Each structure stands twice: as C-alpha cells, then as structure tokens.
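Below you'll find the structure, written out as structure tokens, and then a few comments.
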Amino acid sequence: MKQAEDLRFMAVALKQAKVAAKAGEVPIGAVMVRDGEVLAADRNRREELNDAAAHAEILLIRQVGAILGGWRLSGCTLYVTLEPCPMCAGALVLARLHRLVFGAPDPKTGAVVSLYDIVRDCRLNHSLKVSGGVMWEDCAALLRDFFRQRRD
C-alpha cells in the first residue's frame, strides 16, 4: 500500500517539476501529504521570485505551516523529485517533518544520502524517515533533458 501511495504522490510532484521546466525553472516539484491527502503542491520558483531560497521544499513548508496554523509538520510526508539540498534538509528537520520521499539522488548537493545525511543525523533534535529512488528514472530524465536543452 505505501509503495503504491508513494508512486501516486511522486507522480504529482513530477507534474509540478514539469511545470517548473516549462517556466524555465530547474525542474523540481514537490507535494506535502498528511493522512493520505494532498495539503499543497509546488515547484522551484527561484527565477520567478528572484529568491535563492524559493526551492519547492521551502515553499511547501511555508504553505503547509500556514494551512495547519503552525510550524510543526508532524505527521506530514514530503514527496520531492530530487534529493534535498542542505538548506532544505535542515528546514525539514526544523519543521519536524515525519517522512521524506525523494526521486533522484543529487550527487552534487544532496544532503540526505549523497553528500550528507542531515535528516537522520542523531546529533540533531529530530530525524525523518526516508525513502529514496521513487520514480528516480523519470525524475532524473527530466533534469537531464532540462540541462541538456540549456547547454544546446
């Protein structure tokens, strides 16, 4: 059941990533879920907002905090198409997120499995459950195609 749910919600995040690509943003999409219901979905908006911190994960933390009326995202699961960077991984810990599901690993800036493991670092006051590699081929292909087109 959890695997089917992970695929379903990652597909929603992937749709957001495709919207980001069409808008000229790095194609990363995310969706925040609690109790099997989508609370919010978004995408990278750094170019649109002229904000280096406008990663999909950060935008969702802010949106869902407003929806829930508090900064603690206990019981929430974040689905994101690319392994979070150090900024986003730290924010997920501070927001007390329950679970993170990501698509493609990020060997250049990944802070969950690739370079660091911020979200499960026992020295911090909170840790997340993590599932990685969900629909990774689709997520990685979208990023690869986006950057290939930019280089051409």
Side-chain angles (χ1 to χ4, degrees), residues 1-21 25-46 49 51-144 146-147:
M1 171 98 148
K2 188 169 286 265
Q3 187 176 23
E5 193 170 86
D6 286 352
L7 292 171
R8 179 167 57 104
F9 292 126
M10 187 59 74
V12 175
L14 197 53
K15 285 181 186 176
Q16 287 291 319
K18 290 175 183 176
V19 171
E25 299 277 358
V26 173
I28 300 170
V31 60
M32 190 79 73
V33 174
R34 187 169 76 172
D35 299 327
E37 299 293 324
V38 172
L39 296 173
D42 213 333
R43 57 186 172 80
N44 269 17
R45 295 178 184 262
R46 293 187 310 170
L49 300 175
D51 181 355
H55 291 200
E57 301 96 321
I58 300 297
L59 296 172
L60 282 180
I61 288 170
R62 292 174 179 159
Q63 290 171 32
V64 173
I67 290 167
L68 298 178
W71 60 269
R72 288 180 186 87
L73 304 184
S74 304
C76 292
T77 298
L78 175 73
Y79 293 84
V80 63
T81 56
L82 184 67
E83 177 185 0
C85 70
M87 173 184 70
C88 293
L92 296 173
V93 170
L94 294 174
R96 309 296 194 269
L97 190 77
H98 174 69
R99 183 170 177 244
L100 167 68
V101 180
F102 69 89
D106 185 352
K108 292 184 179 180
T109 64
V112 178
V113 296
S114 296
L115 298 178
Y116 310 102
D117 189 359
I118 292 172
V119 299
R120 292 176 291 199
D121 190 322
C122 65
R123 296 170 295 177
L124 300 176
N125 63 346
H126 179 74
S127 63
L128 285 63
K129 294 180 181 180
V130 176
S131 298
V134 176
M135 296 180 68
W136 72 269
E137 298 97 342
D138 297 324
C139 297
L142 184 61
L143 285 157
R144 224 178 7 257
F146 175 82
F147 286 112

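Remember, it's a predicted structure, so these values are computed and weren't measured experimentally.
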Report task. Determine whether Met32 and Leu78 make a side-chain contact, defined as any pair of heavy atoms from C-beta on separated by less than 4.5 Å. Result -> yes
Query raised in the report: Of all heavy-atom pairs between Thr109 and Pro86, which one has the smallest distance, and what is that distance?
Result: O-CD, 3.2 Å
**Report entry** Donor-acceptor under 3.5 Å (Thr81 side chain, Ala13 main chain)
**Finding:** no
Query raised in the report: How many angstroms lie between OG in Ser127 and CG in Leu100, if you round to the nearest 0.5 Å?
Result: 12.0 Å
Report summary line: NZ (Lys129) and CZ (Arg99) are apart, to the nearest 0.5 Å, by 8.5 Å
Query raised in the report: Asp35 side chain to Glu37 main-chain N or O, any donor-acceptor pair under 3.5 Å?
Result: no
Query - Closest contact, heavy atoms only, Trp136 versus Gly103 - result: CB-O, 3.5 Å
Query raised in the report: Any side-chain heavy-atom pair from Asp6 and Thr77 closer than 4.5 angstrom?
Result: no
**Report entry** Flag, side chain of His126 to backbone of Leu97, donor-acceptor distance under 3.5 Å
**Finding:** yes
Query raised in the report: Judged by atom type as modelled, is there a donor-acceptor pair below 3.5 Å linking the side chain of Asn44 to the main-chain atoms of Ala56?
Result: yes
Query raised in the report: From Gln16 CD over to Ile28 CD1, what is the distance, rounded to the nearest 0.5 angstrom?
Result: 12.5 Å
Requested in this report: Would you check, one step at a time, whether the test side-chain contact (heavy atoms from CB on, under 4.5 Å) holds for His98 with Val33?
Outcome: CA-CA 10 Å; His98 174 69; Val33 174; over 6 Å; no
Query raised in the report: Do Lys15 and Val19 have side chains that get closer than 4.5 Å, going by heavy atoms?
Result: no
Query - Asp51 side chain near Arg45 side chain, heavy-atom distance below 4.5 Å - result: no
Query - Check: Tyr79 and Val12 side chains under 4.5 Å, non-hydrogen atoms - result: no
Report task. Might you point out which heavy atoms bring Val113 and Glu83 nearest each other, and give the distance in Å? Result -> N-OE2, 2.6 Å
Query - Which atom of Leu68 lies closest to which atom of Cys76, heavy atoms considered - result: CD1-SG, 4.1 Å
**Report entry** Leu82 side chain reached by Cys139 side chain, heavy atoms, under 4.5 Å
**Finding:** no
**Report entry** Shortest non-hydrogen separation from Ala95 to Ile61 and the atoms involved
**Finding:** CB-CG2, 4.2 Å
Report task. In sequence, state the C-alpha distance, the side-chain angles, and the governing distance for Leu7 and Met135, and then conclude on side-chain contact (heavy atoms from CB on, under 4.5 Å). Result -> CA-CA 7 Å; Leu7 292 171; Met135 296 180 68; 3.7 Å; yes
Report task. Look up atom CH2 in Trp71 and atom CG in Leu94, then write down how far apart they are to the nearest 0.5 Å. Result -> 7.5 Å
Query raised in the report: Atom CG of Leu59 and atom CG of Asp42: how far apart are they, to the nearest 0.5 Å?
Result: 5.0 Å
Report summary line: Taken to the nearest 0.5 Å, the spacing of His55 NE2 from Met87 CE works out to 4.0 Å
Requested in this report: Measure across Leu115 and Pro107 and return the closest heavy-atom pair with its distance rounded to 0.1 Å.
Outcome: CD2-O, 3.6 Å
